[in-house]
Amino acid sequence: DEAAERYVAGYTVFNDISQRDLALAGFPVSLTKGFYSFGPLGPHIVTPDEVPQPQALRFELRVNGTAYQKGSLSEMLFSIETLVSLASQIFLLERGDVVTTGSPPGMFHYRLKPGDVIEAEIEGIGLLRNPVVFR
């Protein structure tokens with residue numbers, strides 16, 4: 001697992017959005033996450049030397065300024081190195097591939113409305129802010 005760390009080019013913020021009503025109706029989870037604009041990423045990438053201990057970082061998810069999720073990446077079920085190692089055993093990882101980790105603890109349940117603003121922030125990495133627009 002420790003060797004996997006040398007293959008990480010950087011860290012960023014990813015907002016894993018799902019269409020919950022479809023998931024509750026029995027659709028496969030992967031299909032509920034694949035809609036246009038459902039995986040915002042950014043606002044930039046920081047290199048591993050800028051984040052020497054990524055597992056120690058704190059994160060927060062807010063909607064319209066209210067925090068709905070808070071925690072530390074140390075609370076994840078698997079470390080970043082373990083996730084990269086496991087992913088590489090399942091499929092070929094190539095330059096530019098993104099491996100997302102999920103967010104500890106728990107899941108965020110909130111019925112978003114047009115005009116809501118979602119903010120996903122990881123200390124030392126950045127703030128990803130996205131308005132909700134229904135198409």
Side-chain angles (χ1 to χ4, degrees):
D1 290 351
E2 291 177 22
E5 186 175 311
R6 70 177 186 221
Y7 294 100
V8 174
Y11 302 98
T12 191
V13 182
F14 179 82
N15 191 352
D16 181 10
I17 298 174
S18 301
Q19 184 80 33
R20 294 269 181 235
D21 57 341
L22 294 179
L24 294 173
F27 282 79
V29 173
S30 59
L31 292 180
T32 70
K33 297 174 178 289
F35 292 93
Y36 177 77
S37 78
F38 269 32
L41 180 79
H44 53 266
I45 297 172
V46 298
T47 57
D49 62 307
E50 295 175 272
V51 186
Q53 295 184 318
Q55 297 294 147
L57 299 179
R58 308 237 1 116
F59 78 94
E60 186 168 307
L61 182 77
R62 298 180 293 273
V63 176
N64 302 325
T66 301
Y68 284 89
Q69 237 182 343
K70 287 183 178 185
S72 167
L73 299 182
S74 66
E75 298 173 74
M76 293 190 311
L77 186 58
F78 299 106
S79 70
I80 293 167
E81 292 82 9
T82 299
L83 289 170
V84 170
S85 175
L86 291 172
S88 71
Q89 294 172 43
I90 297 168
F91 50 86
L92 176 64
L93 288 174
E94 299 183 287
R95 286 187 179 140
D97 284 347
V98 175
V99 176
T100 61
T101 63
S103 62
M107 296 189 339
F108 165 66
H109 296 280
Y110 182 89
R111 184 165 291 277
L112 296 168
K113 314 176 289 311
D116 285 345
V117 176
I118 306 170
E119 296 176 317
E121 184 170 20
I122 300 176
E123 72 171 332
I125 295 178
L127 169 67
L128 176 63
R129 172 184 271 151
N130 300 102
V132 174
V133 178
F134 286 15
R135 295 179 190 247

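With sequence neighbours excluded, the residues satisfying ring-ring contact (aromatic ring centres under 6.0 Å, His included) with Phe38 are Phe35. Residues passing the salt bridge (charged side-chain N to carboxylate O under 4.0 Å, His left out) test with Arg58, sequence neighbours excluded: none. For Glu121, the salt bridge (charged side-chain N to carboxylate O under 4.0 Å, His left out) test picks out Arg62, with sequence neighbours left out. With sequence neighbours excluded, the residues that form a side-chain hydrogen bond (donor to acceptor under 3.5 Å, both in side chains) with Thr47 are Asp49, Glu50. Checked against side chain to side chain contact (heavy atoms under 4.5 Å, CB included), Tyr7 has no partners two or more places apart in sequence or in another chain. Here Gln55 pairs with Leu73, Met76, Ser79, Ile80, Glu81 under the side chain to side chain contact (heavy atoms under 4.5 Å, CB included) rule; sequence neighbours left out. The side-chain hydrogen bond (donor to acceptor under 3.5 Å, both in side chains) search around Asn130 returns none, not counting sequence neighbours.
In plain terms, the two heavy atoms of Leu61 and Ala120 that are nearest each other are CD1-CB, 3.8 Å. Of all non-hydrogen atoms in Ile125 and Tyr11, the two that sit nearest each other are CD1-CB, 3.6 Å. Looking at every heavy atom in both residues, Phe134 comes nearest to Leu112 through CZ-O, 3.4 Å. A pairwise comparison of heavy atoms in Ala9 and Pro48 identifies O-CD, 3.2 Å as the closest pair. For Ser72 against Ala56, the heavy-atom pair with the smallest separation is OG-O, 4.0 Å.
One N or O on the side chain of Asn64 and one on the backbone of Val117 form a donor-acceptor pair closer than 3.5 Å.
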Enumerate, atom names and distances included, each donor-acceptor pair closer than 3.5 Å involving a side-chain atom of residues 92-100, sequence neighbours excluded.
| unit_1 | atom_1 | unit_2 | atom_2 | d |
| --- | --- | --- | --- | --- |
| Asp97 | OD2 | Glu94 | N | 2.7 |

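Going from atom CG of Leu83 over to atom OG1 of Thr101 covers 7.0 Å, rounded to the nearest 0.5 Å.
Hydrophobic clustering keeps Val51 apart from Phe14 (ILVMFWY residues linked when any side-chain heavy atoms are closer than 4.5 Å, directly or through intermediates).
Crowding of Ile45 atom CD1: a count of heavy atoms from other residues, nucleotides or ligands under 6.0 Å not exceeding 12.
Residues Val13 and Leu127 fail the side-chain proximity criterion, which asks for heavy atoms closer than 4.5 Å.
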